[in-house]
Amino acid sequence: MKMNQKEMLEKYLPEIKSKGKDYSKKVIVLARPATIEEKIDTITSDGKETTNTAKEGDFVVKNPTGEEYIIKGDLFKKRYDYVGTTDFRSDGKWETYKAKGKCRAIVWEHEQMSFVASWGEEMVIKKGDMLATTIPEMNEVYRIAAKEFDA
């Protein structure tokens, strides 16, 4: 049985709070407004992580590693600052933003498993990945693949 978001929070948030380290995302990303009902598969260096469906006001973010994901509009505005355009823009839809989000995370030392992410879709987590929560909110947990986290 796969754990839901509430169960994951109850089981792992105490460990994240007590043993986790705080991290800041400082990379430059590409982002664009999502189309309502647009589906994005988040693909990391080790395969498909999850799928998310955009709602009104959401954004699609593309990390320098190529990974794409959907983020709610209000969270996007809290976690990214507009920079403008740069040479690595892939087309006219994308704008450049600097990440300013923070998380607390632990290294996942358990076997691979799946759980339900805060957006209601299945998310896989593998040994060596990071299990993270946003700070200061700490109201959800999510996976960051090991290679993408290091980047």
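We count residues from 1, following the sequence as given.
For residues 14-28, the set of pairs meeting the salt bridge (Lys or Arg N to Asp or Glu O under 4.0 Å) definition, not counting sequence neighbours, comprises D22-R104. Residue pairs meeting the ring pair (Phe, Tyr, Trp, His ring centres under 6.0 Å) criterion with at least one member in residues 21-59, sequence neighbours excluded: Y23-F149, F59-F76.
Listed for the T42 side chain is a donor-acceptor partner under 3.5 Å among the backbone atoms of E68. Side-chain N or O atoms of D129 include one that pairs as donor or acceptor with a backbone N or O of K126 at under 3.5 Å. Checking side-chain atoms of W119 against main-chain N and O of E122 turns up no donor-acceptor pair under 3.5 Å. For the pair N63 (side chain) and G66 (backbone), a donor-acceptor distance under 3.5 Å is absent. Counting only distance, with no hydrogens or angles, the side chain of E49 and the backbone of M123 share no donor-acceptor pair below 3.5 Å. Without hydrogens or angle criteria, N52 side chain to I40 main chain gives no donor-acceptor distance under 3.5 Å. Side chain of Q5 to main chain of V141: a donor-acceptor pair is present (N/O by atom type, distance under 3.5 Å, no hydrogens or angles).
Under the 4.0 Å criterion applied to side-chain N and carboxylate O atoms, K48 and D41 are assigned as salt-bridge partners. Residues R32 and E38 are paired through a salt bridge, judged by an N-O separation under 4.0 Å between the basic side chain and the carboxylate.
Counted by atom type alone, D46 and T44 present one or more donor-acceptor pairs between their side chains at under 3.5 Å. With hydrogens and angles left out, the side-chain atoms of T53 and K39 include a donor and acceptor closer than 3.5 Å. When only modelled atom types and interatomic distance are considered, E121 and T51 share no side-chain donor-acceptor pair under 3.5 Å.
Atom OH of Y69 is separated from atom OG1 of T50 by 13.5 Å, given to the nearest 0.5 angstrom. Rounding to the nearest 0.5 angstrom, the gap separating the NZ atom in K72 from the CZ atom in R79 is 10.0 Å. With rounding to the nearest 0.5 angstrom, the OG1 atom of T134 is 5.0 Å from the CD atom of E140. Note that CG of L13 and CG of L131 are 9.0 Å apart. Values are rounded to the nearest 0.5 Å. Taking CD of E67 as the reference point, atom CD1 of I144 lies at 8.5 Å (rounded to 0.5 Å). Once rounded to the nearest 0.5 Å, the distance linking CD1 of I135 with OG of S24 reads 7.0 Å.
Taking both residues in full, the closest heavy atoms of S114 and K2 are given as O-CG, 3.4 Å, listed atom of the first, atom of the second, then distance. Between Y142 and F115, the shortest heavy-atom contact is CA-CZ, 4.0 Å. Closest heavy-atom contact between K100 and D81: NZ-OD1, 3.0 Å. Contact record, V60 with A34: CG2-CB, 3.8 Å, taken as the closest heavy-atom pair. In terms of heavy atoms, M130 sits closest to I125 at O-CD1, 4.0 Å. Nearest heavy atom pair, residue G128 against residue A146, reads O-CB, 3.4 Å.
Around atom CD of E137, more than 12 heavy atoms belonging to other residues, nucleotides or ligands sit under 6.0 Å away.
Residue I70 is not grouped with residue I36 when hydrophobic side chains (ILVMFWY) are merged at heavy-atom distances under 4.5 angstrom, including chains of intermediate members. If you chain together hydrophobic residues whose side chains sit under 4.5 Å apart, I43 and I71 never meet in one group. In terms of hydrophobic clustering, with Ile, Leu, Val, Met, Phe, Trp and Tyr side chains grouped at heavy-atom distances under 4.5 Å, V116 and V124 are assigned to different clusters.
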Would K77 and D74 satisfy side-chain contact (heavy atoms from CB on, under 4.5 Å), going step by step from the backbone distance to the final call? CA-CA 5 Å; K77 291 171 185 163; D74 58 337; 6.0 Å; no
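By the 4.5 Å heavy-atom criterion applied to side chains, H110 and Y12 are counted as neighbours. Residues K127 and E109 have side chains not in contact (no heavy-atom distance under 4.5 Å, counting atoms from C-beta outward).
Judged by the 6.0 Å and 45° rule, K62 forms a cation-pi pair with W94.
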